[in-house]
There are 2 protein chains.
Amino acid sequence: MTPPADRVPPADTTDERALNERRAAILEAVVTEYIGTAEPVGSSHVANAHGVQVSSATVRSEMVALERDGYLVQPHTSAGRIPTDKGYRFFVDHLTEPGVLGPAQHLQVTQFFDQVHGEMETMLERATGLLSELTSYAAVVVGPSHDTATVRSVQMVGLSPLMALLVVVLSDGAVEKRTIELDREASEDALARSGAVLSAHLVGHTISSAWTVPLSGDEEVDRLVVAARVPFSFLEGTMDSDHVFVGGPARLAESFDAVETVRSVLGILEQQLVVVTLLRDVLHSGLSVAIGTEHGYEPLASCAVVVAPLTADGQDLGAVGLLGPTRMDYPRAMAAAHVVGERLGERLGSHDGRH
Amino acid sequence: MTPPADRVPPADTTDERALNERRAAILEAVVTEYIGTAEPVGSSHVANAHGVQVSSATVRSEMVALERDGYLVQPHTSAGRIPTDKGYRFFVDHLTEPGVLGPAQHLQVTQFFDQVHGEMETMLERATGLLSELTSYAAVVVGPSHDTATVRSVQMVGLSPLMALLVVVLSDGAVEKRTIELDREASEDALARSGAVLSAHLVGHTISSAWTVPLSGDEEVDRLVVAARVPFSFLEGTMDSDHVFVGGPARLAESFDAVETVRSVLGILEQQLVVVTLLRDVLHSGLSVAIGTEHGYEPLASCAVVVAPLTADGQDLGAVGLLGPTRMDYPRAMAAAHVVGERLGERLGSHDGRH
DNA sequence: TCCTGGCACTCGGTAGACTTGAGTGCCAGG
DNA sequence: CCTGGCACTCAAGTCTACCGAGTGCCAGGA
């Protein structure tokens, strides 16, 4: 089996290359077992695993090498070994395919997409629930950012004599609103006309064009148009931080036994902006995984993140992510993220009105 | 000190009345100390507490009575006592005033309300953060339900040839939208006219009137009007479950040391509908407190909930709630909920356009 | 040259015995 | 009716011994 070429250079020197086949098999066995049991894995367990056909003594000597190279660690002498982040990384990169969902889970996904309907936000929200149920990890879904969306309609609606509502519909189906306090009462007519003025100059353009709306000459209307400028600029700023949905945070309490860890990870999930940038950083091309400190957020050092892009026709529509312990079930998590991400992407592509 | 009248009927028989003054003082001391330390409180600690000027032996015999009457329990013989839910209840009802925020916290609240601005949703969202920071418990804010809101504007906007967006503005400033898939292409003009038809018959009425919109006779427009009916009915159903904001769930991990408890409580907080009905059930009149199983949700048996209403001009605009362990700092939590609820209510009252 | 079975060793975890000390219940005296 | 005193209880901490999973190393065999 083992190609004889392996013998010439001792495997140790080829640190970053594929481990010699046997070591890889041993590493795989350790990772798989540890993911399942959460307990340090001893050489005899590995020797019994299928895929490894050597004695425990041989396994031990290989484990020494794997430890020296940083793939495994011993919590203490006379205990089994645990994979390091590097070990998990090798496992993810070389030892596992994205994996396939079990039939029951596949059915769950199918049913979900058969049944889900309605607004994009609702769909994304519910998708987090699906993902966290499939995997029993916490799930995150980030929807499309609006930065390329253009304005489709602008309307001013009076709420009370001194209060109006600016309602902006974007080409991707998002609706944003801002209340505007008026310093003087405005007629229904003036509100409608100011909406029309804004519409006339914004429809088809991005929101940032709001500053350049020319005035109409009618003082009452222009007063409203000017009052709408500031809200517009706020809109611009807040729009991309929208559309973050977190599902199944309670699952985190299952994944970690240290309360302190649960707390700090929950703390991260509360900060939407951090979540968005985290996903953005992790996502390189296609399905991506960040293990331990690879993403640079210390509070998540004991976590792994699996991210799949949401795309349709090559357009970036967001991302779905799973957050679990570093000893997460990578094949399953990757499969779930991949499948859900793909199908959700299709849906968004057909629903959001872009072409 | 003690009125002699107390002697005639032994205090035991008057279970539900005010405990004799000394017992109340002892109960208060136990609750206060236990809230602070989370450890069973012994008689000598109580004897040293100010407000109690008797020896520990006397305290002990009173504690026996308090235990018999169900206000205290011993985790085991030869340990101090812990308040029961009934004990906390008595404490909340008779031994503490809503309390006043410390100067630093008062400042925090003031600054918050000076600085917060913009949409109601944003404000409610951020208020959960304020509340959980003030108290270090999880916070919940439920915004106004729309059930009395009337329609202010209806608009149909085309997104793509076969996709339109129904945008409804309500009198309370809420904006709801639903995408509508069309079976046949619709002109901009027809969309606008269908919006006008819907507007004409709905503005000023509640959403439920959508079924009675008369048709205009123009087939293209009527097709759109009919297509909008179903989305409207969905709107009706989903509107009140909106506007639930949860803040600081990570604090729960601080409050409880049992991971299992954290998990189940987080699970509850994930279900918006449950949260809303919980608050609604707990809220009686003004500031309300539910301790342990008083609210009937088993997973929250080790929790206490403090709820304050959001009102303006006597109108119900929602509620703010705090969720913590039964040994929460009631005075502080009640003060925070009260103050924030009150000021938030004022804000909503002045901003939401109702009169 | 590499694998394997055997063997001595390590060390975390568990169980039992003992100690400590906070806290109790009870009682007799003021 | 309160109080100080006293004997008692029992969770938690400490110490010890032991067990066993697991290791590293080595000599013999393929």
Side-chain angles (χ1 to χ4, degrees), chain A residues 1-12 19-23 25-26 29-30 33-34 36-49 51-69 71-83 257, chain B residues 1-12 20-23 25-27 29-30 33-34 36-49 51-69 71-83 257:
Chain A
M1 274 294 170
T2 317
D6 263 352
R7 288 179 199 157
V8 185
D12 332 339
L19 291 165
N20 99 37
E21 201 170 320
R22 193 169 66 186
R23 283 191 195 160
I26 291 173
V30 172
E33 172 118 3
Y34 186 67
T37 64
E39 305 223 319
V41 182
S43 55
S44 52
H45 285 141
V46 174
N48 292 336
V52 181
Q53 295 299 348
V54 289
S55 76
S56 66
T58 309
V59 171
R60 278 201 288 281
S61 68
E62 295 289 42
M63 279 174 138
V64 171
L66 283 166
E67 183 165 6
R68 172 175 37 76
D69 293 350
Y71 294 97
L72 297 176
V73 279
Q74 261 181 310
H76 53 259
T77 346
S78 88
R81 257 93 173 186
I82 291 179
D257 34 1
Chain B
M1 277 289 169
T2 316
D6 263 352
R7 287 179 200 156
V8 185
D12 334 340
N20 99 37
E21 200 170 322
R22 194 169 67 187
R23 283 191 195 159
I26 290 173
L27 178 57
V30 172
E33 173 119 3
Y34 186 67
T37 65
E39 306 224 318
V41 182
S43 55
S44 53
H45 284 141
V46 175
N48 292 336
V52 180
Q53 295 299 347
V54 290
S55 75
S56 65
T58 309
V59 171
R60 279 201 288 279
S61 68
E62 295 289 42
M63 279 172 137
V64 170
L66 283 166
E67 182 165 7
R68 171 176 37 77
D69 293 349
Y71 295 97
L72 297 177
V73 280
Q74 262 182 309
H76 51 85
T77 346
S78 88
R81 258 92 174 186
I82 291 180
D257 34 2

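Within every chain, numbering begins at 1; the chains are lettered A, B, ... in the order of the sequence lines, protein sequences first and strands thereafter. Keep in mind that this is a model prediction, so the values were computed, not measured.
A:E33 CD to A:N48 CG: the interatomic distance, rounded to the nearest 0.5 Å, is 9.5 Å.
Listed by chain and number, the residues in a side-chain contact (heavy atoms from CB on, under 4.5 Å) with B:A49 are B:A29 (sequence neighbours excluded). Every side-chain contact (heavy atoms from CB on, under 4.5 Å) that B:A47 has, sequence neighbours left out, goes to B:S56, B:V59. For B:E67, the salt bridge (charged side-chain N to carboxylate O under 4.0 Å, His left out) test picks out B:R81, with sequence neighbours left out. Partners of B:A79 under the side-chain contact (heavy atoms from CB on, under 4.5 Å) rule, at least two apart in sequence or in another chain, are B:P75, B:H76. Looking at residues two or more places apart in sequence or on another chain, you find no side-chain hydrogen bond (donor to acceptor under 3.5 Å, both in side chains) involving A:S61. Evaluation of the side-chain contact (heavy atoms from CB on, under 4.5 Å) rule for A:T77 yields no partner, not counting sequence neighbours. Residues passing the side-chain hydrogen bond (donor to acceptor under 3.5 Å, both in side chains) test with B:S44: none are found, sequence neighbours excluded.
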How does each nucleotide of nucleotides 17-30 of chain C score, in 5' to 3' order, for protein heavy atoms under 4.0 Å: base (B), sugar-phosphate only (S), or none (-)? ------SBBB----
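A sub-4.0 Å separation between OP1 or OP2 of D:dC2 and a side-chain N or O of B:S55 is absent.
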Distances under 3.5 Å between nitrogen or oxygen atoms of protein and nucleotides 12-18 of chain D:
none

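Pairs of Watson-Crick or G-U wobble type, with distances under 3.5 Å, assemble into runs of 3 or more in DNA chain C at these ranges: C:1-30 with D:1-30.
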